[in-house]
Undergrad: 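Have a look at this one.
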Amino acid sequence: MAKLFQAVRGMNDALPADTPLWAGVEATLRDILVSYGYQEIRLPLVEKTELFARSIGTVTDIVEKEMYTFNDRNGDSLALRPEGTAGCVRACIEQGLLRNPMQRLWYGGPMFRHERPQQGRYRQFHQIGVEAFGMAGPDIDAELICMTARCWQRLGVQDVALELNSLGTREARAAYRERLVGYLESRREDLDEDSRRRLHSNPLRVLDSKHPAMQAIIAEAPVLLDHLDLESRQHLDRLQEFLSAVGITYTLNTRLVRGLDYYSKTVFEWVTGRLGAQGTICAGGRYDGLVEQLGGAEIPAVGFAIGLERLIALLGSDGYTGLDQSPQAYLVMVGEQAERRGLILAETLRNAWPALHLQFNCSGGSFKTQLKRADRSRAQWALILGQEEIDSDTIAIKFLREAQEQTTLPMAALDDFLRDHLPQPTQ
RNA sequence: GUGGACGUAGCUCAGUCGGUAGAGCCCCGGAUUGUGGAUCCGGUGGUCGUGGGUUCGAGCCCCAUCGUCCACCCCA
C-alpha cells in the first residue's frame, strides 16, 4: 500500500482503542502524586541545546547523537527535550522557585530521542517525572520510592522489582572511577569493542554491559559500594532502613549506574522481565550537584521518571482497561417531530447534568440503525424519542448492557432516573 | 550507527511447480411495521511497500530502495 504520508519513524499515534489506558494511567498517577503534596509544573518541549549538554553530560550518547537539535531563526541552537529534569531545574532557578527551601514538583509529556526504535523505545516517548528540591536526607528518597510503589499497587502492575544502588558523592565516584579504569586497563585485552570505547568516555557503564564475554571481567571488578564515602554509606543504610520499615523489598544492584552524568548517591530502577530488552518502567536518583552546576544555589535534589509507553504495555498485557470514557446514554430519535425536539432535549439534559455523557444521534438512519449505533457507542442506555413518546410526553429507556426491561417514563421523570443511575461524583 | 527477520484488504493472515489474488475479523446493507448484540445472506475494500531486472508470463525468482519489528549500542 503506497501511502502518501507516514508518521515520522518512532513517533506513534495513540488511537481511541488505546487512549482509555493512557487516560487511566495518567489520572491514577496524577492523583497519587498530588496526594503526596506534589505540584504540577508545565515546561517547554524545547530548550537551548547547551542546557542539556551541561546537565546530562557532553559525552553521553543522548547528547552526542540522540538529540533533535536545530537552529532557531536567530541562530540559537535549540533541542527537543530528551528528558525532563534539565528543563525543570532551569525553570526552578530562573523563576526563583528554589527561594522556597523545599519544592515537590511533577510534570508529564513527550520526550524526544533519535534512537533506533524497538520494543519499549520510541523517538517520541512519554514520561511522568517528579523532582524534589532542597531535601538532602534519605527520607525524601524513601518517600519517592514509596510513591512509585503505591502507583504500581494502585494500578495493579505485576512483575516489577526494585533495584537500588548508590553512586556516592561526586568525589567518591571520581575516586572509584579511577580505580575502575585502572582495573579495566589491566584487562584491556579482554574487553569487547563497546567496553573499550566506554573505558574513558563513561567507564561506569562498562559494568552494565550485556556482552557475555564481559560478565567474568565485571564480576571481578572493584565494587562501587565498597568504595563509598562515609556520608553516602550512611545515606544508603538509612534509606534501606526506611524501605524495610514500610515493607518495600528491593535488591542492591552494584552494577546499576544510570546513564546520566548528574546522578550522585541514591539511584534506583523499577524493572520487569516482561518487556523484552527495555524493561525499566521507572528510574531515578539523587542529583545533588546539578542545581549548582546550572547556576543555582547549592541545593540537593532527587527525582525519577516513569516511562508511560512501557508502563502501559505492561498493564495492557495484564488486561488493564483503563478509564472507560464511553457515553452513558445515546439519544435515538425517530420521526420529524422527534428529531426537532431531540437537540433541545439533549442540550437541556447537558445543562442539568454536567457529568452526563450523552451521545446524540446524527445523520438520521432507521430506528434499527440508530440502535446499532447506540450499541457500538458502548452506551449504557438508549434514550428513545419517537412519535409515540412525543405524543405522550414520555421517553423510553432501553438498557443495552444489563438484563433489564425497557421502560417508558414521563419526560418529567427523566431527571429522577438520571439522579438514580448516574455515578456519584467521587469528591 | 550496527545486525537479523519481515512487508499481500482497515486488522490477522493464506496464496501450491512462476500462469495477473483469497479467508476470517472489522465496516456497510438486508432477513414484515419502532428495537442493538447471536445466526444467516449480500456488499464495499488490494498498482501484492516502491522502482528496476529475468521471463511469453512475476505476489512468488534477482537487484536496489523505502518501511516495520526485534536485538546490539543507549536508555524511560
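No experiment lies behind these values; they were computed from the predicted model shown. These numbers come from the heavy atoms of this one structure, side chains and all, not from hydrogens, waters or symmetry mates. Every chain is numbered from 1 and lettered A, B, ... according to where its sequence line falls, protein lines coming before strand lines.
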Undergrad: Can you confirm whether or not the ring centre of A:Trp381 sits under 6.0 Å from the ring centre of A:Phe417?
TA: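 Yes, they do, as the ring centres are separated by less than 6.0 Å.
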Undergrad: Would the distance check show the side chain of A:Asp288 and the main-chain N or O of A:Ile299 forming a donor-acceptor pair, the cut-off being under 3.5 Å?
TA: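 Pair absent, no side-chain N/O of A:Asp288 close to backbone of A:Ile299.
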Undergrad: More 5' along RNA chain B: A:Gln278 or A:Leu385, using each one's nearest nucleotide?
TA: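 Nearest-nucleotide comparison on RNA chain B picks A:Leu385.
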Undergrad: Rounding to an integer number of angstrom, what distance separates B:A9 and B:U50 when you compare their P atoms?
TA: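 Each nucleotide's P atom is 10 Å from the other's.
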Undergrad: Using the P atoms only, state how far B:A21 lies from B:G45, rounded to an integer number of Å.
TA: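 It comes out at 15 Å once rounded to the nearest Å.
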Undergrad: Using a distance-only criterion (donor-acceptor N/O pair, under 3.5 Å, no hydrogens), is the base of B:U68 paired with the side chain of A:Arg9?
TA: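 No.
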Undergrad: May I ask you to verify whether the side chain of A:Gln370 and the base of B:U35 hold a donor-acceptor pair under 3.5 Å?
TA: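 When only heavy-atom distances are counted, A:Gln370 does not reach the base of B:U35 through any donor-acceptor pair under 3.5 Å.
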Undergrad: Please measure how far the C1' atom in B:C69 lies from the corresponding atom in B:C61, and state the result in whole Å.
TA: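 Result for the C1' pair: 25 Å, nearest Å.
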Undergrad: Could you tell me how far B:G52 sits from B:A14 if I compare only their C1' atoms? Round to whole Å.
TA: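 Their C1' atoms lie roughly 28 Å apart.
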Undergrad: Mind checking the C1' distance from B:U16 to B:C70? Whole angstroms is fine.
TA: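 It comes out at 30 Å once rounded to the nearest Å.
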Undergrad: Checking contacts here: which listed nucleotide (B:U35, B:U2, B:C75) is nearest the side-chain heavy atoms of A:Arg116?
TA: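 Of B:U35, B:U2, B:C75, B:U2 is nearest to the side chain of A:Arg116.
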Undergrad: Quantified in whole Å, what is the C1' atom distance between nucleotide B:U32 and nucleotide B:C27?
TA: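 The same atom, C1', in both gives a distance of 26 Å.
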Undergrad: Quiz question: going by heavy-atom distance under 3.5 Å, is there a donor-acceptor pair between the base of B:G1 and the side chain of A:Glu66?
TA: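 In this structure, the two groups form no donor-acceptor pair.
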Undergrad: In whole Å, measure the gap between the C1' atoms of B:U44 and B:G30 for me.
TA: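 Straight-line distance between the two C1' atoms is 15 Å.
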Undergrad: Is there a salt bridge (Lys or Arg N to Asp or Glu O under 4.0 Å) between A:Arg419 and A:Asp416 once you walk through the steps?
TA: CA-CA 5 Å; A:Arg419 185 172 301 118; A:Asp416 293 331; 2.9 Å; yes
Undergrad: Judged by atom type as modelled, is there a donor-acceptor pair below 3.5 Å linking the side chain of A:Arg196 to the main-chain atoms of A:Leu191?
TA: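 At least one qualifying donor-acceptor pair exists.
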Undergrad: Surrounding CD of A:Glu40 (heavy atoms of other residues, nucleotides or ligands, distance under 6.0 Å), is the total greater than 12?
TA: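 More than 12 within 6.0 Å, yes.
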Undergrad: With a 3.5 Å cut-off and just heavy-atom distances, do the side chain of A:Arg310 and the base of B:C75 make a donor-acceptor pair?
TA: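 Yes, the side chain and the base share a sub-3.5 Å donor-acceptor pair.
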Undergrad: Using the P atom as the point on both nucleotides, what is the distance between B:G51 and B:G36, in whole Å?
TA: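 To the nearest whole Å, 47 Å.
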Undergrad: With RNA chain B as reference, determine whether A:Leu371 or A:Asn12 sits nearer its 5' end, using the nearest nucleotide of each.
TA: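 With A:Leu371 and A:Asn12 compared, the 5'-side residue is A:Leu371.
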